[in-house]
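Beneath this line is the structure, given in structure tokens, with notes to follow.
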Amino acid sequence: MHLVAQRLPDGRVSVARIHDDGGAQARAETLSREDWPLFVARTERDEPGIRWVWDDTAAWYPPLLAAGVRVARCVDLRLCHAILRSSTDTSESSLATAPAGPWDAPIIQPREADAGALFDLVADEPAGGERDPLAEFEAQRAAVASATADARSRLSLLIAAESAGALIASEMTFAGLPWDARRHDDLLVEMLGPRPAPGVRPRVLQEVLDEVTAALDVGAFSPESPGELLRALQSAGIPATSTRSWELKQFEHPAIAPLLRYKKLARLHTANGWNWLDQWIHDGRFRPTYVPGGVVTGRWASDGGGALQLPHQIRSAVVADPGWRFVVADAAQLEPRILSAISGDAAMATAARGVDLYDGMVRTGAIDTRAHAKVAMLGAMYGATTGESGRLLPRLTRAYPQAIGFVEAAARAGERGERVSTRLGRSSPLPGRAWRELQQQASGDASSEAIGRRARTEARNWGRFTRNFVVQGTAAEWALCWMASLRTRLAHLAGGAPLTRSAHLVFFLHDEIVVHCPESQAERVAELVRESAAEAGRLIFGRAPVDFPVTTAVVASYDQAK
DNA sequence: ACGAATTGCGCC
DNA sequence: AGGGCGCAATTCGT
């Protein structure tokens, strides 16, 4: 049973019931703004199988969470539209062939949605006309139905997982990541010195800069200006061509070590210093906005606070509540395992049997050292052609022809300007007009040598993108299924307790999750995390012989994990 | 003067 | 000549 929710111009909500047999749709009910959360809560309790259908979880769910209401399942029409619109599995559907409409326009979300905000913010009509969730839902069902039986079941899973991800994202923002501002401040003082007045360099930063200046001995300069810094380095006889740390590392000069230290500390100060603390930590919680589907590959993005780039440097400030713990779980070598599963490479699946896939590659004699295995695999998935990983590629290809052939095929398809797809059916975008015109031009008789070179470079660039897309995108699907399965198990464990009073997800980082839970539940939660990982593998790959082991750690602060 | 693009670095 | 991001500060372009 699906319940399609739609906001009416007067702020009320209409709900239409749709039976799964596609049968007659009952008359829509209309709820007042005040009754809506109660209606959702009651329905969740009395009809546990139902699925809410709405245009945008990020607009609908935060007010419900604020009212203490949890939703078990939904269809996020906006996210699913994006998938079905470009999937090669549904390319013949009218949803895919229609001109761009209101469901293709991005929605501007407020940073902090509260109970009243839903009705204020959606009052703006999206570009391209009014959104009709009922019609869109039917169009999406028709699009899925237009796919082959196999694609249909995969797309259905993808749509469910994507929508579950949207629920999880809202819940994680609502719950927040526990953050000890005191400990963060201590950390900053220890590394940078006391908090300075605005615009003034912290004491330690200034001291390190003085060291750099003395060692270079070319006078004062502003280290924040790449141009000035580069000129200073060159004046001091350092033949740098950029001011990137990894390039500077190779030079032997007394100024280099303090300069690298300066860059590290300056980064901490500007990115996660006192200003960040003031702006992002309130009431002991960090509440970034997660953006499910924010990356073309299906990975999440984040908006505000740099949530997906929390440096290891400050993770000791992520502290569980008294009597509570974090269960930190990480999927070991997720992307190479994904590659072995989607390519059906039996030899690589054998190497993936244990907890460490790279060790497995060495043990089975495919490659000599773990370090080589890792750099070679990453290079193969990213499309490296030179350097160490480029040199190791032939050996890798000999050992794992299926796996390497799979990413090579994805690269070739991209070079031809074709779409590629993940296991569940998310397809890559087509290259832009400029790209196609360049390839067109290069294939003409009158094309110059320079045009041909540029066209080949661009083709290879796009091929690297599509090569990585199939792996990164399928890994993102695995992670969504992992989280969605875990979320269901945690809800069961909670037995009706409020979200933040029982074990709940507080952080997600591509192949890593953090659950905040009472200490007494931690070991049970760790088990659920592992069970969920196994289920994710089964859901996506059936009984394929590839393991997806996860490492789990029960810790009081985030830095104590691995 | 102000928004866009670039540089550099954090995460996976 | 290595995939995907977000953010701060500088620099560019109009």
Side-chain angles (χ1 to χ4, degrees), chain A residues 199 201 221-230 240-249 259-260 262-273 275-276 279-280 288-315 330-336 338-339 374-390 392-393 407 410-411 414 420 422 426 428-429 453-454 456-476 478-479 507-514 558 562:
Chain A
R201 271 194 196 92
F221 63 96
S222 169
E224 272 76 36
S225 164
E228 277 190 50
L229 176 56
L230 190 60
T241 60
S242 83
T243 62
R244 296 185 184 92
S245 291
W246 64 262
E247 185 187 333
L248 298 181
K249 272 193 190 94
L259 177 54
L260 294 176
Y262 177 87
K263 279 172 165 279
K264 196 88 180 164
L265 290 174
R267 167 83 192 181
L268 172 66
H269 181 230
T270 58
N272 297 100
N275 290 340
W276 183 91
Q279 188 180 354
W280 290 106
T289 302
Y290 300 93
V291 188
V295 180
V296 278
T297 58
R299 272 188 175 181
W300 287 15
S302 68
D303 181 15
L308 304 186
Q309 301 127 258
L310 283 187
H312 291 97
Q313 241 175 343
I314 59 164
R315 291 189 182 186
D330 177 287
Q333 307 99 35
L334 178 58
E335 293 197 347
I338 290 290
L339 174 55
K374 184 173 181 177
V375 74
M377 274 309 304
L378 292 175
M381 291 184 296
Y382 291 159
T385 54
T386 62
E388 191 172 32
S389 68
L392 291 166
L393 189 60
V407 284
V420 296
T422 60
R426 192 190 304 262
S428 64
R453 252 198 318 276
R454 257 186 51 213
R456 278 191 297 278
T457 299
E458 286 302 309
R460 274 196 294 270
N461 286 347
W462 196 258
R464 274 197 301 279
F465 164 59
T466 53
R467 170 200 296 270
N468 187 249
F469 183 97
V470 294
V471 178
Q472 186 185 118
T474 305
W478 183 92
F507 197 55
F508 168 56
L509 194 51
H510 308 313
D511 60 357
E512 181 178 347
I513 56 179
V514 181
Y558 194 9
K562 66 170 189 182

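Just so we're on the same page: letters track the sequence lines, and every chain starts at 1.
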**Asked** For D511(A), what residues pass the salt bridge (charged side-chain N to carboxylate O under 4.0 Å, His left out) criterion, not counting sequence neighbours?
**Response**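 So D511(A) forms no salt bridge (charged side-chain N to carboxylate O under 4.0 Å, His left out) with any residue.
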
**Those residues that, when tested against R299(A), pass salt bridge (charged side-chain N to carboxylate O under 4.0 Å, His left out) (two or more places apart)** =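 With neighbours one apart ignored, the set is E335(A).
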
Base, sugar-phosphate or nothing for [X]? Non-hydrogen atoms, less than 4.0 Å.
{"X": "V471(A)", "answer": "nothing"}
{"X": "Q472(A)", "answer": "base"}
{"X": "R315(A)", "answer": "sugar-phosphate"}
{"X": "R464(A)", "answer": "sugar-phosphate"}
{"X": "S245(A)", "answer": "sugar-phosphate"}
{"X": "G305(A)", "answer": "sugar-phosphate"}
{"X": "A271(A)", "answer": "nothing"}
{"X": "L378(A)", "answer": "base"}

For [N], does OP1 or OP2 lie under 4.0 Å from any side-chain N or O of [X]?
{"X": "H312(A)", "N": "dG10(B)", "result": "no"}
{"X": "K264(A)", "N": "dG10(B)", "result": "yes"}
{"X": "K263(A)", "N": "dC9(B)", "result": "yes"}

**Asked** Can you name the side-chain hydrogen bond (donor to acceptor under 3.5 Å, both in side chains) partners of E512(A), sequence neighbours left out?
**Response**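 Expected list: Y558(A).
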
Do the side chain of [X] and the main chain of [Y] share a donor and acceptor less than 3.5 angstrom apart?
{"X": "K263(A)", "Y": "T243(A)", "result": "yes"}
{"X": "E247(A)", "Y": "T241(A)", "result": "yes"}
{"X": "Q472(A)", "Y": "T297(A)", "result": "no"}
{"X": "R467(A)", "Y": "A380(A)", "result": "yes"}

**Request:** Name the first nucleotide and the last nucleotide along DNA chain C (5' to 3') that come under 4.0 Å of a heavy atom in chain A.
**Result:**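 The protein-touched segment is dG2(C) to dT11(C).
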
**Prompt:** Can you find a pair of side-chain heavy atoms, one from L378(A) and one from K374(A), that are under 4.5 Å apart?
**Reply:**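 Counting from C-beta outward, L378(A) and K374(A) do come under 4.5 Å.
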
Please report the distance, rounded to the nearest Å, between [atom1] in [X] and [atom2] in [N].
{"X": "L260(A)", "N": "dG8(B)", "atom1": "CG", "atom2": "C1'", "value": "13 Å"}
{"X": "Y262(A)", "N": "dG8(B)", "atom1": "OH", "atom2": "P", "value": "15 Å"}
{"X": "H269(A)", "N": "dC9(B)", "atom1": "NE2", "atom2": "P", "value": "18 Å"}

Detail all sub-3.5 Å separations between protein N/O atoms and N/O atoms belonging to nucleotides 3-7 of chain B.
none

Listing, residues 382-389 of chain A side-chain donor-acceptor contacts under 3.5 Å, not counting sequence neighbours, or none:
unit_1  : atom_1 : unit_2  : atom_2 : d
E388(A) : OE2    : H372(A) : NE2    : 3.1

